[in-house]
Enquirer: 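Below you will find the structure I want to go over with you.
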Amino acid sequence: MAEVKEFTLPDLGEGLTEAEVVRWLVEVGEVVAVDQPVVEVETAKAMVEVPCPYGGVVTARYGAEGEELAVGAPLLTVAVGADASAPAAAEGSGSGGADGVVAEADGADAAEDGGAGETSGAVLVGYGTGAPPARRRRVRPTPVPAAAAGQVNGVASGYGRHAVTPEVPVRAEAAEPGPGPVPVISPLVRRLARQNGVELRTLTGSGPDGLILRADVERAIGAAGAAAEPSAAAASARAGDAGEVRIPLRGLRGVVADKMSRSRREIPEATCWVDVDATELLAARRAMNAAGGPDAPKISLLALLARICTAALARYPELNARVDTEAREIVRLERVHVGFAAQTDRGLVVPVVRDAHARSAESLSEELGRLTGAARDGSLTPGELTGSTFTLNNYGVFGVDGSTPIINHPEAAMLGVGRIVPKPWVYEGELAVRQVTQLSLTFDHRVCDGGVAGGFLRYVADCVEQPAVLLRGV
């Protein structure tokens with residue numbers, strides 16, 4: 001007999017707690033192999049194809065495309081050991097309800113032992129599919145007669161939206177603080193209530209033993225909406241014909257909002273800036289690319305700026321740091337991982353060049369190009385979007401001269417570069433037209449004072465105006 005196993009959304013690492021279903025790669029009734037990607041999800045940091053650790057027939061999918069799922073919520077169920085020629089029978093064994101109720105039998109540990117012959121080598125950030133992690137039991141059923149055991153075997157263990165056979169009464173455990181237990185099992189029901197401001201303790205459940213179901217929460221939401229209609233109508237009247245469009249702050253946009261807010265809330269930042277003659281830097285770049293020949297990879301201007309920043313951080317290590325607010329300590333970092341702001345169709349992302357201090361200008365240019373391409377097609381991994389120690393922001397590509405960047409928390413500094421444009425400039429005592437840009441440095445005033453920040457920015461400016469200054473440190 002086929003064993004139905006549940007596969008939940010794994011921990012994708014980097015502190016991510018939810019992901020949005022972008023595209024299902026399998027259909028109900030389809031046969032899947034071990035480690036076959038089954039769904040494409042979008043986290044706040046990257047697009048990820050999630051492989052399934054089980055081989056068999058897909059009996060149910062959970063979450064429509066565009067829906068957000070929490071880590072640990074069910075993704076799909078698979079009938080392991082099912083005959084591939086009989087998908088319809090397998091589909092019937094995994095049909096799920098919409099109430100978010102599930103029974104977990106005392107023999108659910110078999111899900112960890114079953115299919116021992118099918119091993120998996122696929123690993124995502126934070127989880128490996130070779131052995132499912134131990135899971136805290138959410139529901140404990142009462143013993144059932146042998147005649148009903150076959151019915152229980154048709155339900156996957158875990159939690160989610162599966163139907164419960166009537167012969168198996170369930171008991172909800174207390175999951176929220178306060179006097180008395182709250183009869184809710186499904187985390188999806190809790191999330192729905194939390195998002196809509198519904199107090200679960202005020203509801204009377206319509207499920208077995210007073211269990212609160214999704215339908216109960218939806219009824220409470222509907223009642224609250226009806227009560228709010230008069231005030232909503234008044235607000236609409238005040239708005240007149242202007243109208244409004246509400247865009248949820250979720251996914252990448254939500255993470256950017258949270259990070260920027262946290263940066264402004266926690267970091268006492270200050271900004272200093274300077275106008276710089278970049279004519280010689282542009283000439284040096286042309287000479288480097290000409291020396292490499294027509295077939296050699298070109299060195300980008302951003303790569304040269306990143307190389308200058310790593311040299312400046314070697315002189316002023318105070319800015320390659322972060323603040324541990326709990327320990328009240330400044331943590332200086334030995335390695336330099338340079339992040340750079342990249343605008344994509346998904347929004348602003350900050351890919352990270354690892355160990356930038358150990359790379360040449362050519363190596364930096366190659367890695368910057370690779371990460372930029374991956375950012376545009378949405379294939380960056382979470383690891384390539386985290387861990388930067390210093391950020392370079394070239395907002396000059398948008399045609400602006402200056403800005404006061406918000407520090408990429410928890411870093412200590414960010415260098416902004418404006419557009420390079422021809423301007424009148426006093427050069428060697430005479431007025432000339434030169435290629436001028438503005439550099440701005442936003443820094444955490446807790447890690448250093450203005451003298452260090454000014455020294456860092458002045459060194460960067462000197463290297464831009466006279467690239468030969470870099471040779472002193474080579």
Side-chain angles (χ1 to χ4, degrees), residues 273-293 296-321 332-342 350-375 384 387-397 405 408 411-420 435-443 452-474:
W273 57 90
V274 62
D275 290 335
V276 179
D277 179 3
T279 307
E280 296 301 326
L281 182 66
L282 296 178
R285 175 174 174 259
R286 288 193 298 269
M288 290 179 185
N289 289 331
K298 303 301 181 182
I299 295 176
S300 67
L301 182 61
L302 189 63
L304 292 179
L305 292 170
R307 183 65 186 88
I308 291 172
C309 286
T310 59
L313 289 172
R315 284 178 167 247
Y316 299 93
E318 296 92 337
L319 294 174
N320 193 51
R332 290 190 184 175
L333 307 169
E334 295 181 356
R335 300 163 65 186
V336 179
H337 304 317
V338 173
F340 64 99
V350 183
V352 182
V353 178
R354 303 280 169 182
D355 295 316
H357 62 287
R359 294 177 180 266
S360 64
E362 185 173 338
S363 173
L364 284 169
S365 186
E366 181 180 357
E367 183 67 358
L368 286 167
R370 183 189 72 82
L371 291 171
T372 300
E384 291 172 327
S388 57
T389 64
F390 181 89
T391 295
L392 182 60
N393 187 359
N394 181 20
Y395 43 74
V397 297
N408 187 22
E411 298 170 19
M414 175 186 289
L415 180 72
V417 183
R419 62 174 180 161
I420 301 176
Q435 299 296 321
V436 178
T437 185
Q438 184 181 93
L439 304 177
S440 58
L441 177 71
T442 299
F443 64 98
V452 171
F456 175 93
L457 185 58
R458 188 64 255 170
Y459 179 79
V460 171
D462 290 344
C463 290
V464 170
E465 292 185 335
Q466 304 177 56
V469 172
L470 274 176
L471 295 176
R472 294 181 59 89
V474 174

Enquirer: Before giving the answer on side chain to side chain contact (heavy atoms under 4.5 Å, CB included), spell out for F340 and N394 the whole-Å C-alpha distance, their side-chain angles and the decisive distance to 0.1 Å.
Expert: CA-CA 8 Å; F340 64 99; N394 181 20; over 6 Å; no
Enquirer: Mind listing the closest non-hydrogen atom pair of Y395 and S440 along with its distance?
Expert: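 That would be OH-OG, 2.7 Å.
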Enquirer: Is E384 close to P351 at the side-chain level, that is, under 4.5 Å between some pair of heavy atoms?
Expert: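 No - every pair of side-chain heavy atoms lies 4.5 Å or more apart.
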Enquirer: Between the main-chain N or O of V452 and the side-chain N or O of E318, is there a donor-acceptor pair closer than 3.5 Å?
Expert: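 No, E318 side chain to V452 backbone: no donor-acceptor pair under 3.5 Å.
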Enquirer: Where is the tightest heavy-atom contact between M288 and I299, given as atom of each residue plus distance?
Expert: SD-CD1, 4.0 Å
Enquirer: I need the T389 OG1 to N320 CG distance, nearest 0.5 Å.
Expert: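 Result: 3.5 Å between the selected atoms.
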Enquirer: Between the side chain of R335 and the main-chain N/O of H357, is any donor-acceptor distance below 3.5 Å?
Expert: no
Enquirer: So does H337 get a backbone contact from the side chain of S388, meaning a donor-acceptor N/O pair under 3.5 Å?
Expert: no
Enquirer: Is there a donor-acceptor contact under 3.5 Å from the side chain of T437 to the main chain of V276?
Expert: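 Not a single qualifying donor-acceptor pair exists.
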Enquirer: Would you say the ring centroid of F390 lies under 6.0 angstrom from that of F456?
Expert: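 So the answer is yes for these two rings.
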Enquirer: Evaluate V417 against L439 for side chain to side chain contact (heavy atoms under 4.5 Å, CB included), listing each step before the verdict.
Expert: CA-CA 5 Å; V417 183; L439 304 177; 3.9 Å; yes
Enquirer: Find the distance between OG (S360) and CD (E366) and round it off to the nearest 0.5 Å.
Expert: 9.0 Å
Enquirer: For residues A303 and L364, report the shortest heavy-atom separation together with the two atoms involved.
Expert: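 For A303 and L364, the tightest heavy-atom pair comes out as O-CD1, 3.8 Å.
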Enquirer: Is there a side-chain contact between I420 and L301 (heavy atoms, below 4.5 Å)?
Expert: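 They are in side-chain contact.
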Enquirer: What is the minimum heavy-atom distance between V464 and L281, and which atoms define it?
Expert: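 The pair with the smallest heavy-atom distance is O-CB, 3.4 Å.
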Enquirer: Any chance you could measure D277, atom CG, to Q435, atom CD, to the nearest 0.5 Å?
Expert: 8.5 Å
Enquirer: Do the side chains of E465 and R458 get close enough for a salt bridge, i.e. N-O under 4.0 angstrom?
Expert: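 Salt bridge flag = yes for R458 with E465.
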Enquirer: Could you tell me which non-hydrogen atom of L302 sits nearest to which non-hydrogen atom of L392, and how far apart they are?
Expert: CD1-CD2, 3.4 Å
Enquirer: Heavy atoms, side chains only, cut-off 4.5 Å: are L457 and L415 in contact?
Expert: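 Of all side-chain heavy-atom pairs linking L415 with L457, at least one is under 4.5 Å.
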Enquirer: Can you give me the closest heavy-atom contact between Y459 and V469, atom names plus distance?
Expert: CE1-CG1, 4.1 Å
Enquirer: Between atom CZ of R285 and atom CG of L305, what is the distance when rounded to the nearest 0.5 Å?
Expert: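 CG of L305 is found 10.0 Å from CZ of R285.
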Enquirer: Could you check whether any side-chain N or O of S365 sits under 3.5 Å from a backbone N or O of K298, counting only pairs where one atom can act as donor and the other as acceptor?
Expert: yes
Enquirer: Within a radius of less than 6.0 Å around CD of E362, do more than 12 heavy atoms belonging to other residues, nucleotides or ligands occur?
Expert: no
